[in-house]
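FYI, side chains are in, hydrogens and waters are out, and symmetry mates aren't considered; it's all heavy atoms of this structure.
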Amino acid sequence: MGDSSPNPLVLIGMGTSIAFSGLFYKLYREKKEEIKMLKKIPVFKPDDHLLKVLNASSHKRLQYVAVEGVVQADGEVLQSKFVPRCHGVIQKVVVEERWKYWNYLTRTWNSRTINKNETNNSVPFSLVQPGSYIADVHVKVQNPLEASGCHMEWVYSKMRRAQEGLAEMVVQGLSGEKPVAMVESEQMLRVGSSLTGFGEVVLEGGRVVSLRAPQDGRSYILVPSDYRSFMDRHEASASMWKTLTAMTGLTGASLFAAVLYKAFGKQDDRSR
């Protein structure tokens, strides 16, 4: 008589697929809820419509909105440390040394980073209407370094390998440490790039508006794209979680059906 008990590997695969399906569905629901909340946020451009809404609002402020525009420096720009003719308004330069040290217990070389030096710079800048050579309405971005979101792009990254001479090799043998490389990298928010800011908007006077961290505790966010591209990325993320939910769910259901058939289908065949 044949063994009708299910294969343990099949049971593990079935359980894993169902568990991942539940996890992916949870992530999908969370992302859809996030998208729903994002769609409730009013979206503006640096134009007359924004000024009209601010003038009509109480205290000449909007508590939490999104403003999309193009980055324009209010005065002098920051020059890239490594790339010619690359200008920005926020700059982050990181220089770090990578070393290896000998682990006497595992008898292997392990890596570590030392002497990491990070420099952050920023100059005042505003968001203006795309395509406008003379900006009519400025939205000044206040305290951009306090904002969350990956709003800078990599403009330079280079690794310089350490040179090893005879003297250095002798020292490494005695100390159990050796330099591997020095890494230099630079990120910038470049002039002319698209940027969407989420925060509180206040009319300062005339046609000048400021974007700053909300006073109600909500997140102050700067996103390096226009609003539509930002939402498209969220929609794509939700679609990915939905697809993974369906795939793992179908896999789990198929394995479960196979287990049921093996347990009961073959018994029916024998009884006939």
Within the 4.5 Å heavy-atom criterion, are [X] and [Y] side-chain neighbours or not?
{"X": "Leu54", "Y": "Val209", "result": "yes"}
{"X": "Val70", "Y": "Leu195", "result": "no"}
{"X": "Val95", "Y": "Val183", "result": "no"}
{"X": "Pro42", "Y": "Tyr64", "result": "no"}
{"X": "Gln187", "Y": "Val155", "result": "no"}

Does atom [atom1] of [X] have more than 12 heavy-atom neighbours, drawn from other residues, nucleotides or ligands, at distances under 6.0 Å?
{"X": "Met240", "atom1": "CE", "result": "yes"}
{"X": "Gln63", "atom1": "CD", "result": "no"}
{"X": "Glu118", "atom1": "CD", "result": "yes"}

Exercise. Determine, stepwise, if the pair Arg233 / Ser225 fulfils side-chain hydrogen bond (donor to acceptor under 3.5 Å, both in side chains).
Key: CA-CA 10 Å; Arg233 287 196 297 271; Ser225 69; 3.1 Å; yes
Quiz item: What pairs with Asn143 under side chain to side chain contact (heavy atoms under 4.5 Å, CB included), at least two apart in sequence or on another chain?
Solution: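 For Asn143 the side chain to side chain contact (heavy atoms under 4.5 Å, CB included) partners, ignoring immediate neighbours, are Glu146.
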Electrostatic pair [X]:[Y] at N-O distance under 4.0 angstrom:
{"X": "Lys92", "Y": "Glu186", "value": "no"}
{"X": "Lys36", "Y": "Glu30", "value": "no"}
{"X": "Arg29", "Y": "Glu33", "value": "no"}
{"X": "Arg218", "Y": "Asp216", "value": "yes"}

Mind checking the [atom1]-[atom2] spacing from [X] to [Y]? Nearest 0.5 Å is all I need.
{"X": "Met182", "Y": "Arg160", "atom1": "CE", "atom2": "CZ", "value": "8.5 Å"}
{"X": "Glu204", "Y": "Lys140", "atom1": "CD", "atom2": "NZ", "value": "7.0 Å"}
{"X": "Leu222", "Y": "Leu211", "atom1": "CG", "atom2": "CG", "value": "7.0 Å"}

Quiz item: Are the side chain of Gln91 and the backbone of Ser122 linked by a donor-acceptor contact shorter than 3.5 Å?
Solution: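 Not at all, since once roles are kept as given, no pair shorter than 3.5 Å links the two residues.
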Self-check item: Quiz item: cation-pi between Arg112 and Tyr101, 6.0 Å / 45°
Solution: yes
Quiz item: Going by atom types only, do Ser126 and Asp74 share a side-chain donor-acceptor pair under 3.5 Å?
Solution: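 Yes - a donor-acceptor pair under 3.5 Å links their side chains.
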Quiz item: Does a side chain donor of either Ser229 or Asp232 reach within less than 3.5 Å of an acceptor in the other side chain?
Solution: no
Quiz item: Should the pair Phe82 and Tyr156 be assigned to parallel (<30°), tilted (30 to 60°) or perpendicular (>60°) ring geometry?
Solution: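 Phe82 and Tyr156: parallel rings.
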Quiz item: Parallel, tilted or perpendicular for Tyr227 and Phe230, by the 30°/60° rule?
Solution: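 Aromatic pair Tyr227/Phe230 classed tilted.
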Quiz prompt | Ring centroid separation Phe20 to Phe24 under 6.0 Å | solution = yes
Practice problem: Applying salt bridge (charged side-chain N to carboxylate O under 4.0 Å, His left out), run through Lys60 and Glu200 and close with a yes or a no. | Solution: CA-CA 11 Å; Lys60 301 292 188 292; Glu200 182 181 78; over 6 Å; no
